[in-house]
Protein chains: 2
Amino acid sequence: MIEDAGQIFSTFKQTAQGGAPLYLQLKKSIEDAVNRGLIGPGDALPSERDIALKADISRVTVRKAVQDLVKGGVLVQRHGSGTFVAPRMERVEQSLSRLTSFTEDMARRGMSVRSQWLDRGLYAPSPEEMMVLGLSSNELVARVARLRIANDTPLAIERAALSARVLPDPAAVAASLYATLQTGGNRPVRAVQRISAANLGEEDSRLLEVAPGVAGLHIERISYLASGKVIEFTRSIYRGDAYDFVAELRLSEPGNIGDRP
Amino acid sequence: MIEDAGQIFSTFKQTAQGGAPLYLQLKKSIEDAVNRGLIGPGDALPSERDIALKADISRVTVRKAVQDLVKGGVLVQRHGSGTFVAPRMERVEQSLSRLTSFTEDMARRGMSVRSQWLDRGLYAPSPEEMMVLGLSSNELVARVARLRIANDTPLAIERAALSARVLPDPAAVAASLYATLQTGGNRPVRAVQRISAANLGEEDSRLLEVAPGVAGLHIERISYLASGKVIEFTRSIYRGDAYDFVAELRLSEPGNIGDRP
DNA sequence: GAGTGGTCTAGACCACTTT
DNA sequence: AAGTGGTCTAGACCACTCT
């Protein structure tokens, strides 16, 4: 009953509750309609102007409600085209205890993978890179940055930095960085990751094809060789709506779990 | 030179670049001023009306720029009081391989900890709770929800669900849920966590004292007893700007968790 | 060209904090 | 009482997409 979608808005002012701001009430109305299945993934909403007219509120107010839902991942907007219910995103699970390669990981799931190169070259290292990778100032750093795409959905931006000694020719990296490293006997066996959440900025959101401000996962990874040497320093940004990281926790030392007030 | 802060805006239109939207240019100006230390944490910005006047743009446009920065965690606004540069937040690190207690974790860092109860009681289980906890429909579920606060900063919302068999009296839970469980010999020894990013909703952002829409971490945890039985199912929401989760990855680990059939 | 979202304006009133 | 952010209006023009 997609035709009924319009009724959500024509009856809006009557069902209004005095207290809450209009844009929050409208937001809730739309959210409810989506959750109750009145409008499903891919369905178009009426235009902002239509909603404003039917609900008898200004377009600015409609826009505020819609924008909130876009940032929350409920709706998507396409300039010049319209506003739609966001497609159901099947989340990709990734283990946080096994060191795997993106390419190999996705292949195992039967997903098509491609990458778009953002950067591949040798540079003078930043102070941070010198510190982490243990470079001296006259050495070079190899930077490899790419947009990871699975099933035609951009999932992550990966920016890796390695010593030029282990990757003298960054342009030679094909689909998998780890595969390239392995041929030189430099595949990492251990890594430490730091995960946090942040709202995506202009640039990142454009690459990941989501609205600016939606939540993403920032991941910093430092990878080690069996010898204990740092081999790779990677900063990645993952789409928050597409990724589930899975970790297993164990009680390492018995007896340290009980809280004390 | 805090007095110079006003000049950021009075010279705004002259330094404007034709192409980009005004609110993005203004956003960048403010962001730069913060990054260059022209205005530091805690400093007040001019009022939205003042900025609009000095920059010769409308208040709505100023507001859009400022709101973006608030959602990005750069600024904070206090209703009736003003707009300020956000205080530097020292992030809390949490291991993703050890099953630890929030209270003890914070104490080890020398931070004061308290909790605010949001819910403590017995309920009819949801279908999901029945599934995960292995309850039948005539059994009850114990729900324990609280807001975790460290150094007077709310950090996380924890909503735990357990079988009423192991927690017949949720109101008896004091500071630590695990301590209560331990007295009944029901201490979990292993857990699987699922981590993703999402923009915080109205309710959650109010509790965590951040603007609606800022990025947060959603964590689902299922805890197991030594016997392998599920004991606890917890949904938590962490502030994205306050938490760093740290995980260690290894090449081939026998105990794999993220894999599916 | 018609319709859509994206940006912008110049006001207005309300709710809240500070003095 | 004065000043602040929070909400809301009724327009306008631009950039883009669809057909």
Side-chain angles (χ1 to χ4, degrees), chain A residues 5-6 9 12-13 16-28 30 42-71 74-86 202 205-206 209-213, chain B residues 5-6 9 12-13 16-28 30 42-71 74-86 202 205-206 209-213:
Chain A
F9 308 110
F12 176 69
K13 264 286 172 67
Q17 304 164 29
L22 283 175
Y23 78 90
L24 285 181
Q25 297 182 39
L26 178 59
K27 185 178 162 187
K28 196 167 179 314
I30 299 174
D43 289 352
L45 261 68
S47 77
E48 295 177 348
R49 287 167 181 83
D50 279 0
I51 296 178
L53 203 67
K54 284 180 190 146
D56 192 29
I57 55 183
S58 94
R59 190 186 152 202
V60 179
T61 304
V62 172
R63 217 175 140 68
K64 171 111 172 111
V66 170
Q67 292 278 29
D68 271 19
L69 292 171
V70 168
K71 300 222 169 166
V74 177
L75 304 177
V76 290
Q77 287 189 302
R78 284 197 287 274
H79 192 169
S81 174
T83 304
F84 308 85
V85 178
E202 296 295 325
S205 60
R206 215 190 61 248
E209 292 177 13
V210 294
Chain B
F9 309 108
F12 176 70
K13 264 287 174 66
Q17 304 164 30
L22 284 175
Y23 79 90
L24 283 182
Q25 297 181 39
L26 179 59
K27 184 179 162 185
K28 196 167 179 316
I30 300 175
D43 289 352
L45 262 70
S47 76
E48 295 177 349
R49 286 167 182 83
D50 279 0
I51 296 178
L53 203 67
K54 284 178 190 147
D56 191 30
I57 55 183
S58 96
R59 190 186 151 202
V60 179
T61 304
V62 173
R63 214 173 145 67
K64 171 112 172 109
V66 170
Q67 292 279 28
D68 270 19
L69 292 170
V70 168
K71 300 220 169 165
V74 177
L75 304 177
V76 289
Q77 288 189 302
R78 284 196 286 275
H79 192 170
S81 173
T83 303
F84 308 85
V85 179
E202 295 297 325
S205 60
R206 215 189 60 247
E209 292 176 13
V210 293

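Atom set for the values below is all heavy atoms of this structure, side chains included, hydrogens, waters and symmetry mates excluded. The sequence lines fix the lettering, A, B, ..., with proteins before strands; numbering per chain opens at 1.
When distances are taken from the side chain of B:Tyr23 to each of D:dG5, C:dG5, C:dC8, the shortest belongs to C:dC8. Checking D:dG6, C:dC8, C:dT4 against every side-chain atom of B:Pro21, the shortest atom distance belongs to C:dC8. Picking from D:dG6, C:dG5, D:dT9 the nucleotide with the shortest atom distance to the side chain of A:Leu22 gives D:dT9. For A:Glu48, counting side-chain heavy atoms from C-beta on, the closest listed nucleotide (D:dT4, C:dG6, D:dC8) is C:dG6.
Remark: C1' of D:dG3 and CD of B:Gln77 are 14 Å apart, rounded to the nearest angstrom. Atoms CG (A:Leu75) and P (C:dT4) sit 16 Å apart, rounded to a whole Å. Atom C1' of nucleotide D:dT7 and atom CZ of A:Arg63 are separated by 17 Å, given to the nearest angstrom. One atom, CD of B:Gln67, and another, C1' of D:dG6, lie 9 Å apart when rounded to the nearest Å. Atom CG of A:Asp68 and atom P of C:dG5 are 16 Å apart (whole Å). Distance, A:Ile51 CD1 to C:dG3 P: 17 Å, rounded to whole Å. Across the protein-nucleic acid pair, A:Lys27 atom NZ and D:dC8 atom C1' stand 17 Å apart, rounded to whole Å.
Between B:Thr61 and B:Leu26 there is no side-chain heavy-atom pair separated by less than 4.5 Å.
Between A:Gly42 and A:Phe84, the closest heavy-atom pair is O-CD2, 3.6 Å. When every heavy atom of B:Glu48 is checked against every heavy atom of B:Val62, the shortest pair comes out as O-CG1, 4.0 Å. Closest approach of A:Ile51 to A:Pro46, counting heavy atoms only: CD1-O, 3.6 Å. Contact record, B:Val85 with B:Leu75: CA-CD2, 3.9 Å, taken as the closest heavy-atom pair.
In this structure, B:Thr61 does not reach the C:dT7 phosphate: none of its side-chain N or O atoms is under 4.0 Å from OP1 or OP2.
Mapped onto DNA chain C by nearest heavy atom, B:Lys64 and A:Gly82 fall at different nucleotides, with A:Gly82 at the one closer to the 5' end.
Applying the salt bridge (Lys or Arg N to Asp or Glu O under 4.0 Å) rule to A:Lys27 yields the partners A:Asp68, B:Glu202; only residues at least two apart in sequence or on another chain are considered. In this view, A:Arg78 satisfies the salt bridge (Lys or Arg N to Asp or Glu O under 4.0 Å) rule with no residue, not counting sequence neighbours.
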In B/S/- notation (B base, S sugar-phosphate only, - none; protein heavy atoms under 4.0 Å), nucleotides 10-19 of chain D written 5' to 3' is B-BB-BBB--
